[in-house]
Amino acid sequence: MNQRAVSDGAVQQSCSMVLEEIDRLNGIVERLLYFSRPLNLQVEPFDLNLLLRDCVEAKATVVRSEVHTIPV
């Protein structure tokens with residue numbers, strides 16, 4: 001009888017662990033599905049020249065700040 005009670009406790013603990021792992025795996029699958037879902041992109045025209053100008057200006061600012069910090 002005592003052996004049966006120990007077995008029941010072990011079975012209950014094992015079932016609890018299995019349920020926790022199922023929840024954990026379910027979370028992983030949900031995140032993977034969310035990550036892999038198709039995006040709903042909205043394509044619209046934009047000024048490529050303005051974008052490039054902004055990029056060049058941003059890089060020039062970084063370069064100027066690096067030049068000022070170089071020890072002479």
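The basis for the numbers below is simple: all heavy atoms, side chains too, and nothing from hydrogens, waters or symmetry mates.
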Taking side chain as C-beta onward, heavy atoms only, is Asp8 less than 4.5 Å from Gln12?
no
side-chain hydrogen bond (donor to acceptor under 3.5 Å, both in side chains) with Arg37: which residues, sequence neighbours excluded?
Tyr34
Nearest-0.5 Å distance that lies between atom CG in Leu33 and atom CZ in Arg31:
11.0 Å
Exactly one candidate in Leu50, Leu52, Val56 meets side chain to side chain contact (heavy atoms under 4.5 Å, CB included) with Asp54; the answer is Leu50
Measuring from atom CZ of Arg24 to atom CG of Asn26, what distance do you get when rounded to the nearest 0.5 angstrom?
11.5 Å
Within the structure provided, determine whether Val18 and Glu21 are in side-chain contact (heavy-atom separation under 4.5 Å).
no
